[in-house]
Amino acid sequence: MSRKYFGTDGIRGEVGQFPITPDFVLKLGWAAGCVFAREGRSKILIGKDTRISGYMFESALEAGLSAAGVDVLLTGPMPTPAVAYLTRTFRANAGIVISASHNVFSDNGIKFFSENGTKLPDSVEKAIEAQMDIAMTTVPSAELGKARRVEDAAGRYIEFCKGTLNNHLSLKGMRIVLDCANGATYHVAPKVLSELGADVIEIGSSPDGININDGCGATDTARLETVVKGEQADLGIALDGDGDRLMMVDHHGEVVDGDELLFIIAKAWQAQGTMQGGVVGTLMSNLGLEQAVERLGLPFVRAKVGDRYVIEQLKAHDWVLGGESSGHIVCGNLTTTGDGLVAALQVLKAMHDSGQTLAELKAGMHKMPQTMINVAMPVRVDVMQQSDVQEAVRAVEAELGSRGRVLLRPSGTEPVVRVMVEGESADEVERLCRQLSENVEKALGALVS
């Protein structure tokens, strides 16, 4: 049975367009409630980011769950990883996040967590989809679910984040610019850092329902780079709209991406003697990360793109550290999912313990030049099965030799194939990527001509 609604990261789309509509989300809440209520009286926790549509979908989910006889805990705006944590601490049967993560405000989505704060098992997602095909009913009035607000949700998560560091660590004397993307971390991240002693300069912490991820946050660090240099800060921290992505900026105003942050954390944990196993990256992780991790004497494996697949590989190898270039970083010994704030604290701890700046810490990894071009895919095909494409790839790989790599990856969200070339020379990489993308475009065009 293939999925009708669930993707690799829940259900996401444009507000008002199926399936991101109030009636669908109402039915989804009911269907999920029915599935979880099969085990007896259920309790489900709901959090959301700061999008204006979150109010509408929160009400729809609440009504659907109540109609199925499920009690509801409402946290209000709360980072995605906080919902995963709170689901566990409240012993809820599941957690739901209303968020489209780093997307624009006019998108939204619904993501589920299990009682353990992990992704829902495939069997549960399929059971919810099967329930969606059944006409909606309402339990007797005496059995309707009750809803209540969790007044101390933010405080609980703040203490959890601080608790991932030892009690004696202080950030006193550290000047940090913090960009919350006008998203779900706006009321928790500043408090975590300031309570740990840091001097915090806030930007992107005034959400109005529409400005989430708008020219700010982990997907747009330009303003953060400027403010870090202007304020002569030690570093900048950028989170995305729902708080599961992290980018940082060093005191020179240079971006430190997910690959570099993974390396910094891995090296610090190795020095502390707390590193368990190796590091999981993705197909898009920079070759420089793989080489730097191996120089530490640690194994490195690549997962498919997506935090779901990173976590799968971590579990398969019994490792604890993995992530993506985009800033999804999973510290599996501390929490169950990608958490931008928790990962940032581990980097700050590495700075504190080593006495080095962020720029000095990232210098241990040399990023390879990387160029990626999106080629329109007029028909959905297995690109690597096309003989002309195979020949073009072989030609580029032969020229690169052991000095780089080639990757062709169909997008999961757009009708394009991503052509990526990586190597030692930026000029060579760009030339070869353009050459390969032109050949791929020609081969795909021939299929429809």
Query raised in the report: Should Arg434 and Glu430 count as an ion pair when the cut-off is N to O under 4.0 Å?
Result: yes
Query raised in the report: With sequence neighbours left out, what residues match Ala238 under side-chain contact (heavy atoms from CB on, under 4.5 Å)?
Result: Asp179, Thr221, Leu224, Met247
Query raised in the report: Can you find a heavy atom in the side chain of Ile237 that is under 4.5 Å from one in the side chain of Leu193?
Result: yes
**Report entry** Distance in Å, Trp30 CH2 paired with Leu65 CG, rounded so as to fall on 0.5 Å steps
**Finding:** 12.0 Å
Query - Charged N-O contact under 4.0 Å between Glu129 and Lys126 - result: no
Query raised in the report: Say you draw a straight line from CG of Leu196 to NZ of Lys172; how long is it, rounded to the nearest 0.5 Å?
Result: 13.5 Å
**Report entry** Atom pair CG (Leu358) and CD (Glu254), whose distance is rounded to the nearest 0.5 Å
**Finding:** 10.0 Å
Could you list the donor-acceptor pairs under 3.5 angstrom formed by side chains in residues 15-28, with sequence neighbours left out?
| from | atom 1 | to | atom 2 | distance (Å) |
| --- | --- | --- | --- | --- |
| Thr21 | OG1 | Asp23 | OD1 | 2.6 |
| Thr21 | OG1 | Phe24 | N | 3.4 |
| Lys27 | NZ | Met132 | O | 2.8 |
| Lys27 | NZ | Ile134 | O | 3.1 |

Report task. Kindly write out the residues that satisfy ring pair (Phe, Tyr, Trp, His ring centres under 6.0 Å) with Trp269, not counting sequence neighbours, or none if the list is empty. Result -> none
**Report entry** Partners passing side-chain contact (heavy atoms from CB on, under 4.5 Å) against Glu58 (at least two apart in sequence or in another chain)
**Finding:** Lys48, Leu74, Ile98, Arg149
Report summary line: Rounded to the nearest 0.5 angstrom, the CG-OG distance for Asn108 and Ser99 is 6.5 Å
Report task. Would you please test Arg88 and Glu115 for salt bridge (charged side-chain N to carboxylate O under 4.0 Å, His left out) and show each step? Result -> CA-CA 6 Å; Arg88 302 197 312 274; Glu115 61 185 349; over 6 Å; no
Query raised in the report: Does NZ in Lys267 sit with more than 12 non-hydrogen atoms of other residues, nucleotides or ligands closer than 6.0 Å?
Result: no
Query - CA sep, side-chain torsions, deciding dist, call: Arg12, Asp9, salt bridge (charged side-chain N to carboxylate O under 4.0 Å, His left out) - result: CA-CA 8 Å; Arg12 189 182 299 185; Asp9 198 27; 3.2 Å; yes
Query raised in the report: Is the side chain of Asp208 donor-acceptor paired with the backbone N or O of Asn211 at a distance under 3.5 Å, no angle test?
Result: yes
Query raised in the report: For Ile52, does the CD1 atom have more than 12 heavy-atom neighbours from other residues, nucleotides or ligands under 6.0 Å away?
Result: no
Report summary line: side-chain hydrogen bond (donor to acceptor under 3.5 Å, both in side chains) filter on Tyr157, not counting sequence neighbours, yields Asp339
Report task. Using the test side-chain contact (heavy atoms from CB on, under 4.5 Å), find all partners of Ala189 that sit at least two apart in sequence or belong to another chain. Result -> Leu178, Cys180, Thr185, Leu239, Leu341
Query - Nearest non-hydrogen partners of Val429 and Val421, listed with the distance - result: CG1-O, 3.0 Å
Report task. Please report the shortest heavy-atom distance between Phe112 and Ala32, naming the atom on each side. Result -> CE2-CB, 3.7 Å
Query raised in the report: salt bridge (charged side-chain N to carboxylate O under 4.0 Å, His left out) between Asp107 and Arg51: does it pass, once the steps are laid out?
Result: CA-CA 9 Å; Asp107 289 345; Arg51 294 163 211 271; over 6 Å; no
Query raised in the report: Does Glu39 reach the main-chain N or O of Phe36 with its side chain, forming a donor-acceptor pair under 3.5 Å?
Result: no
Requested in this report: Say whether Asn286 and Glu422, considering side chains only, have a donor N or O and an acceptor N or O under 3.5 Å apart.
Outcome: yes
Query raised in the report: Counting N and O atoms only, with roles assigned by atom type, does the side chain of Arg418 sit under 3.5 Å from a partner on the main chain of Leu407, one being a donor and the other an acceptor?
Result: no
Query raised in the report: Asp259 and Lys367: salt bridge (charged side-chain N to carboxylate O under 4.0 Å, His left out), yes or no, with the steps?
Result: CA-CA 9 Å; Asp259 287 341; Lys367 283 177 66 176; over 6 Å; no
Query raised in the report: Do the charged groups of Lys119 and Glu125 touch, with an N to O distance under 4.0 Å?
Result: no
Query raised in the report: Do the side chains of Pro410 and Met377 get nearer than 4.5 Å, heavy atoms only?
Result: yes
Report task. Answer whether the closest heavy-atom distance between the side chains of Val310 and Thr282 falls below 4.5 Å. Result -> yes
Query raised in the report: Does Thr274 use its side chain to pair, donor to acceptor, with the backbone of Gln270 at less than 3.5 Å?
Result: no
Query raised in the report: Does Asp244 reach the side chain of Thr337, with side-chain heavy atoms less than 4.5 Å apart?
Result: no
Query raised in the report: Does Lys43 come within less than 4.0 Å of Asp71, counting only side-chain N to carboxylate O?
Result: no
Query raised in the report: Looking at CD of Glu231 and CD1 of Ile203, how far apart are the two atoms once the value is rounded to the nearest 0.5 Å?
Result: 10.0 Å
Report task. For Leu283 and Met420, work out which heavy atoms get closest and say how close. Result -> O-CE, 4.3 Å
Requested in this report: Using a 4.5 Å cut-off on heavy atoms from C-beta on, say whether the side chain of Val280 contacts that of Leu321.
Outcome: no
Requested in this report: Evaluate whether atom CG of Asn116 has more than 12 neighbouring non-hydrogen atoms of other residues, nucleotides or ligands under 6.0 angstrom away.
Outcome: yes
Report task. Write down the atom of Ala350, the atom of Ile264, and the distance for their closest heavy-atom approach. Result -> CB-CG2, 4.1 Å
Query raised in the report: Quick one: does Gln313's side chain have a donor or acceptor within less than 3.5 Å of a partner on Val301's backbone?
Result: no
Requested in this report: State, yes or no, whether a side-chain contact exists between Thr75 and Leu86 at a heavy-atom distance under 4.5 Å.
Outcome: yes
Query raised in the report: Taking only residues two or more places apart in sequence or in another chain, which ones pass side-chain hydrogen bond (donor to acceptor under 3.5 Å, both in side chains) with Thr335?
Result: none
Report summary line: Asp214 meets the side-chain hydrogen bond (donor to acceptor under 3.5 Å, both in side chains) criterion, sequence neighbours left out, with none
Query raised in the report: Does Leu169 have any side-chain contact (heavy atoms from CB on, under 4.5 Å) partners at least two apart in sequence or in another chain, and if so, which?
Result: Leu165, Asn166, Leu171, Lys349, His352, Asp353
Query - Sub-4.5 Å side-chain heavy-atom contact between Leu45 and Ile96 - result: no
Requested in this report: Specify the closest pair of heavy atoms between Asn93 and Arg41, including all atoms of both residues, with the distance to one decimal.
Outcome: OD1-O, 4.3 Å
Query - His366, Met365, Met368 screened by side-chain contact (heavy atoms from CB on, under 4.5 Å) with Gln291, the one that passes - result: Met368
**Report entry** Heavy-atom pair with the smallest gap, counting every atom of Ser205 and Asn182
**Finding:** N-OD1, 3.4 Å
Query - Within 6.0 Å of NZ in Lys191, more than 12 heavy atoms from elsewhere - result: no
Requested in this report: May I ask you to check whether over 12 heavy atoms, not counting those of Arg91, lie within 6.0 Å of atom CZ?
Outcome: no
Query raised in the report: Sequence neighbours excluded, which residues qualify as side-chain hydrogen bond (donor to acceptor under 3.5 Å, both in side chains) partners of Asn213?
Result: none
Report summary line: Across all chains, not counting sequence neighbours, the salt bridge (Lys or Arg N to Asp or Glu O under 4.0 Å) partners of Glu312 are none
Report summary line: By ring pair (Phe, Tyr, Trp, His ring centres under 6.0 Å), Phe160 pairs with (sequence neighbours left out) Tyr85
Query raised in the report: Counting only N and O atoms by type, is there a donor-acceptor contact under 3.5 Å from the side chain of Asp240 to the main-chain atoms of Ser101?
Result: no
